[in-house]
Amino acid sequence: MPLISCSNLKMGYEGKIVISDLTFDINSGDYLCIVGENGSGKTTLMKGLLGLISPISGKIEYLEGLKQRYIGYLPQQTSIQKDFPCSVLEVVLSGTLNKKFLPIYSKEQKNLALENMEKVNILDLKKKSFQELSGGQKQRVLLARALCATGKLLILDEPITGLDPIASQDLYDLIGKLNKQGITIVMVSHDITTSVKHASHILHMSGDSYFYGTTHQYMHSEIGEKFMLRDCPCDKCSHSNKGDRL
Amino acid sequence: MIEMLSYNFMIRALIVGTLVSLCAALLGVILVLKRYSMIGDGLSHVGFGALAIAAAANIAPLYVAIPVVLLAAFCLLRLSENSKINGDAAIAVISSTAVATGVIVASVTGLNTDLNSYLFGSVLATSNGDAVMCVVLSIVVILLFLLFYNKIFAVTFDESFSKACGTRPSVYNIIIAVLTALTIVIGMRIMGTLLISALIIFPSLTAMRLCKSFKSVMITAGILSVICFLLGLTASYYLDIPTGPTVVVSNCIMLVIFWLVSKIKACR
Ligand SMILES: Nc1ncnc2c1ncn2[C@@H]1O[C@H](COP(=O)(O)OP(=O)(O)OP(=O)(O)O)[C@@H](O)[C@H]1O
Ligand SMILES: [Mg+2]
């Protein structure tokens, strides 16, 4: 039984259909990368998976027990107010609320928050005002919050936006490690080369067609070859394009 | 100070006012951050209409005002959540209609002297029974607020993230609306319906000048609000001027002081 299964999904906004007839399953332990052109509906699909907007038709089914208590989410864009006074620690702690909810944060929740802040290297920003951080620092804080909320599934919408090369590499390593620990990853990314290196499955979305399959299948599909600019990194591959590219 | 407290009505005003100031400051931070300041203002106008009708029908004002303002809070919240309707305009329509109705009812039944005390508040307005009810309600508001503090922060900070993580923001928005309605009803007799929203907005704005974390804003706003109320009440007693306006002016002076300090800090 898959963790999430989408069947004949159709989604959109007021009269405008963005996704139509999309069917795929996410299995427990998968590392799914979603790629595709700007405006092809990747973020829309993420919001659908999270229940933030409901599908026009079709179904999104969750495995029994997944519930929202086990999902961490890093949004592409947030609606956070510019002048909201809050410290980094307060933001990260709010990610632990889906686990347990008491008037005061428990020791466990505080430790979880500190652990995840350490993972994304922001422990020194703990007491800083969230609004006075740089774009990349804010992204890391929201990432730590998402990690706190994660139990079984982590959904990331373009997580490396704004991160410096070292931080992005660290992030990929971290996500890979979490995936090895059994956490299912769904990540939207424009960094196709790195995505195919790490992901187990790829969902490619483009205006009217979809490709869903394992990374190996994707790299040798027509759509995949085109999107990777005929730069197949696979060395086992028998029909590699490396030879006839020039 | 001792002399001031030799009057029962002053003691009542002191207790009720302190508690209301605290409630208003806590909720105010949320309302200001959610861009709901106008809801507080709208609700107080609805409260005025309810008071006038209660007086005309000779019913204890709180019993009419509480359900009416609660109902209005739900409606206004719905309106502001719905992006298709212009929330600001809807609030203006509802509040001016309520005030107009109140004034007409009051003038038909000949309550013109009371009108003044409804609009600008009066320390004499709270009876013993009212005071007990106010104290109970404010304690309920403060306890509920503390109980849900973390969730209220999460929902106010990033509604879609909390929704994605399984919190239902609408539940907390309703809690906030109920608490706001109660605070306004309790506070409007002392502060006046025209001025009660100042009690909600000023302390949080003042605290946000200098405080950078959510918790420190909350605590500072609560303390400032109580201090300003006590200063205002004392000043109004000794200078023989109305309480509500004096409290508002002391809040305003505090805001200016905090604003200046923040500017000076920024220049250094
Ligand atoms: N809130 C909205 N209301 C109406 N239309 C929207 C809304 N959000 C997105 N759209 C439209 O839906 C389409 C898909 O948007 P979406 O944000 O899902 O794209 P995306 O694949 O995430 O793009 P990107 O790579 O730029 O992040 C776009 O054409 C966009 O114009
Ligand atoms: Mg997107």
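Since the structure is predicted, the reported quantities are computational estimates derived from the model, not experimental observations. Lettering of chains follows the sequences in order, A, B, ..., and the numbering in each one begins at 1.
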Donor-acceptor contact below 3.5 Å, side chain Asn179(A) vs main chain Asp30(A): yes

Proximal component of Leu102(A), with respect to chain B [non-hydrogen, under 4.5 Å]: backbone

Interface moiety of Thr156(B) toward chain A, non-hydrogen atoms closer than 4.5 Å: both

Sidechain N-carboxylate O distance under 4.0 Å for Asp170(A), Lys119(A): no

Any donor-acceptor pair under 3.5 Å from Thr184(A) side chain to Gly29(A) backbone: yes

Donor-acceptor side-chain pairing of Thr78(A) and Asp158(B) below 3.5 angstrom: no

Proximal component of Tyr149(B), with respect to chain A [non-hydrogen, under 4.5 Å]: side chain

Interface moiety of Leu147(B) toward chain A, non-hydrogen atoms closer than 4.5 Å: both

Donor-acceptor contact present, side-chain Ser225(B) to main-chain Gly222(B), <3.5 Å: no

Pick from Ala146(A), Ser129(A), Gly95(A), Pro75(A) with the largest number of heavy-atom pairs that fall under 4.5 Å of chain B: Ser129(A)

Whether Asn150(B) side chain and Pro103(A) backbone form a donor-acceptor pair below 3.5 Å: yes

Phe130(A) portion near chain B, given a 4.5 angstrom heavy-atom threshold: side chain

Winner by heavy-atom pair count (cut-off under 4.5 Å) against chain B, out of Ile80(A), Asp83(A), Leu97(A): Ile80(A)

Side chain / backbone / both / neither for Ile155(A) at chain B, heavy atoms under 4.5 Å: neither

